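These notes concern the structure reproduced below.
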Amino acid sequence: MSRRSRGQPRVLLVDDEPDLLELLELTLSRMGLDTTRAESVGEAIRLLDSDSFDLCLTDMRLPDGPGLKVVEHINQKALDLPVAVITAYGSAENAVAALKAGAFDYLAKPVALEQLRALVKQALKVPEKAPPPSGYSLLGESPAMLHVRSMIERLAKSQAPVFINGESGSGKELAARMIHGGGTRAELPFIAVNCGAIPENLMESEFFGYRKGAFTGAEADRDGFFQAANGGTLFLDEVADLPLAMQVKLLRAIQEKKVRKVGSTQEDAVDVRIISATHKNLAALVDGGEFRQDLYYRLHVIELAMPSLRDMREDIPLIANAILARLSRSAPARLDAESIAALERYPFPGNVRELENVLERGLSLAADTQRINVDDLHLTPVAEESEFVVAAGDKWPLQDYLDRVERQAINEALEKTRYNRTAAAKLLGITFRAMRYRMERLGIK
């Protein structure tokens, strides 16, 4: 059945349940949308190949196959059509599979009309090409950075959870802001949360808010991070640092799209896109029982891997000059040829954040405020002329310093044992499994 009005956005509904179809059609028609029915995968594919639509909603279970085939067909044909799936209640695996296949979002049965309307409004605002985000950019023309920016552009069109992995200082939050700024939620809040910086006893109230009188000191109602980000994006940085008890509560909030304030008896619906990040190996933490597998699969729907500065050395002059232009109070200072060559050889365990610290120090110490030479950078050579470490006094941020020390110890053990990881682990006094985890986390190949 089709209801066609000229100029109305068109929605293809793929389901074989008459009652649900009627509910969807009634709700969408009240939103001023034109709907077309398909009761099987085959019928949906025929309609998609012969007509044009602005949105597709498909059930996951259809008489002639899974609704995932509809999602895959749309992506294989590059139809530039947002598609959302309807899953059975509690069927997290199906929802995650659909998002990985390219679905825009999902709805769980029984369909909540409020969530349906929010999803449709978001989907119909998806631009053909994400506009360049305002105020945020990742610089570089290396293949690694071009790939990252291409991924960000595609991810901005989706509502699927994104997991950003990368070393400390590689720009994970900046990438998250670009995904948010290039999508349909750009005008709505972007809330960044450092999960490792919140005391465990305050986590629930910080994430979900609290009611007046819920505990000593709760003198008024207060919203949490989820309510603050409602309609927009919640960025969970260092998500691996969440304690297991909080992981359970976070999983439920993501699955149900509802949160309950501490001290409240009712739940509040929230529409939040989740982007998470960590510099740790989350899969290894799952194997070690330190991170919940079900939450891992909820967060790790689409992964964006941020390259280290070592993987994009050709971009160092461009990035360095941009940083100097921002740090300089008048005319930007310039790096001489020797300084640029030294920076290109330096391993940068702290990545772009460390590059910024080095340049800020060089700018402060330079005798000529318009020209920075290699001595101003205070890069100290180690075993070979092509390798440098930061001066011994640079022990901040602490995690970066500890990572450098650990990386150096592991590399020395590997060299001493001719890259036999089992022997190197024994030399270091750790298990092989711990050795493997540390090498993955620190990017040692």
Side-chain angles (χ1 to χ4, degrees), residues 9 11 27-28 30-33 54-55 57 82-86 95 99 103-108 111-127 130-136 152-164 173-195 204-211 221-237 239 249-261 264 266-277 298-299 301-302:
V11 183
T27 304
L28 298 184
R30 287 176 177 172
M31 296 176 69
L33 306 176
D54 301 289
L55 171 65
L57 296 176
V83 54
V85 297
I86 302 171
L99 292 171
F104 171 85
D105 208 342
Y106 70 92
L107 288 168
V111 174
L113 297 185
E114 183 180 349
Q115 290 181 8
L116 171 64
R117 295 188 191 99
L119 181 149
V120 171
K121 288 177 183 177
Q122 288 289 343
L124 294 179
K125 287 192 296 182
V126 173
S134 174
Y136 302 103
I152 287 173
E153 185 176 299
R154 281 182 282 166
L155 293 173
K157 299 186 200 178
S158 171
Q159 297 301 307
V162 177
F163 174 72
I164 305 176
E173 182 174 342
L174 182 53
R177 289 185 180 275
M178 290 178 67
I179 293 169
H180 171 79
T184 60
R185 299 174 183 260
E187 302 302 318
L188 295 163
F190 176 92
I191 304 297
V193 180
N194 187 327
C195 298
E204 186 172 1
S205 60
E206 288 293 309
F207 273 87
F208 307 133
Y210 55 80
R211 301 284 291 177
D221 289 1
R222 179 182 169 184
D223 287 341
F225 298 133
F226 270 85
Q227 292 92 340
N230 195 23
T233 301
L234 182 59
F235 174 56
L236 304 176
D237 197 9
V239 70
K249 296 181 174 70
L250 178 61
L251 175 65
R252 189 178 188 282
I254 294 172
Q255 286 185 166
E256 305 300 324
K257 299 185 179 180
K258 292 179 181 178
V259 297
R260 177 180 295 157
K261 289 184 174 181
S264 176
Q266 64 180 33
E267 293 183 321
D268 301 317
V270 287
D271 171 28
V272 171
R273 184 182 190 182
I274 300 291
I275 301 179
S276 57
R298 272 293 177 184
L299 298 174
V301 173
I302 303 174

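Quick note: residue numbers are just sequence positions, from 1. Given the structure is predicted, the values throughout are model-derived calculations rather than measurements.
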For the residue pair Leu251 and Arg298, establish whether any side-chain heavy-atom pair is separated by less than 4.5 Å. yes
Partner of Leu57 under side-chain contact (heavy atoms from CB on, under 4.5 Å), picked from Leu116, Val83, Val85, is Leu116
Output all residues satisfying side-chain hydrogen bond (donor to acceptor under 3.5 Å, both in side chains) with Arg211, sequence neighbours left out; order by chain, then residue number. Asp221
Residues two or more places apart in sequence or in another chain: which of them pass ring-ring contact (aromatic ring centres under 6.0 Å, His included) with Tyr106? none
Could you tell me which residues satisfy side-chain hydrogen bond (donor to acceptor under 3.5 Å, both in side chains) with Thr233, sequence neighbours excluded, listed by chain and number? His180
Could I get the full list of side-chain contact (heavy atoms from CB on, under 4.5 Å) partners for Gln266, not counting sequence neighbours? Ser264, Asp268
Heavy-atom closest pair, residues Gln115 and Glu256: NE2-O, 3.6 Å
Working to the nearest 0.5 Å, report the span between CG of Asp223 and OH of Tyr210. 10.0 Å
Can you name the salt bridge (charged side-chain N to carboxylate O under 4.0 Å, His left out) partners of Arg117, sequence neighbours left out? none
The side-chain hydrogen bond (donor to acceptor under 3.5 Å, both in side chains) partners of Glu173 (sequence neighbours excluded) come to Arg177
Please report the closest heavy-atom contact between Ala186 and Gly181, naming both atoms and the distance. CB-O, 3.4 Å
Closest heavy-atom pair, Gln227 versus Phe208, reported as atoms and distance to 0.1 Å, is NE2-O, 2.7 Å
In chain order, what residues pass the side-chain hydrogen bond (donor to acceptor under 3.5 Å, both in side chains) check against Arg252, with sequence neighbours excluded? Glu267
List in chain and number order the residues that pass salt bridge (charged side-chain N to carboxylate O under 4.0 Å, His left out) with Asp54, two or more places apart in sequence or in another chain; answer none if no residue qualifies. none
Closest approach of Pro189 and Ala229, non-hydrogen atoms and distance? CB-CA, 4.2 Å
Tell me, with the steps shown, if Leu119 and Leu107 meet side-chain contact (heavy atoms from CB on, under 4.5 Å). CA-CA 8 Å; Leu119 181 149; Leu107 288 168; 3.9 Å; yes
How close do Phe226 and Ala253 get, heavy atom to heavy atom, and via which atoms? CZ-CB, 4.1 Å
Any pair with a residue in residues 179-194 that passes salt bridge (Lys or Arg N to Asp or Glu O under 4.0 Å), sequence neighbours left out, goes on the list, sorted by first then second residue, please. Arg185-Asp271
Is there a side-chain contact (heavy atoms from CB on, under 4.5 Å) between Arg273 and Ile179 once you walk through the steps? CA-CA 11 Å; Arg273 184 182 190 182; Ile179 293 169; 3.5 Å; yes
Can you measure from OG (Ser205) to CZ (Phe225) and round to the nearest 0.5 angstrom? 9.0 Å
Going by salt bridge (charged side-chain N to carboxylate O under 4.0 Å, His left out), name the residues that satisfy it together with Glu204, two or more places apart in sequence or in a different chain. none
Looking at residues at least two apart in the chain, or sitting in another chain, which of them share a side-chain contact (heavy atoms from CB on, under 4.5 Å) with Asp237? Lys172, Phe235, Ala277
So Leu236 and Ile275, side-chain contact (heavy atoms from CB on, under 4.5 Å) or not? Walk me through it. CA-CA 6 Å; Leu236 304 176; Ile275 301 179; over 6 Å; no
Just wondering, more than 12 heavy atoms not from Arg222 lying within 6.0 Å of its CZ? no
Atom CZ in Phe163, atom CD1 in Ile274: separation rounded to 0.5 Å? 13.5 Å
Assess whether side-chain contact (heavy atoms from CB on, under 4.5 Å) is satisfied between Lys157 and Thr184, documenting all intermediate values. CA-CA 7 Å; Lys157 299 186 200 178; Thr184 60; over 6 Å; no
Just verifying a value: how many Å separate Leu124 CG and Leu28 CG, rounded to the nearest 0.5 Å? 9.0 Å
Listed by chain and number, what are the side-chain contact (heavy atoms from CB on, under 4.5 Å) partners of Leu188, not counting sequence neighbours? Gln122
Point-to-point distance, once rounded to the nearest 0.5 Å, from CG of Leu234 to CD1 of Ile191: 7.5 Å
Of all the heavy-atom pairs spanning Pro82 and Ala123, show the shortest one and how long it is. CG-O, 3.8 Å
What is the distance from atom OG1 of Thr27 to atom CG of Leu113, rounded to the nearest 0.5 Å? 4.5 Å
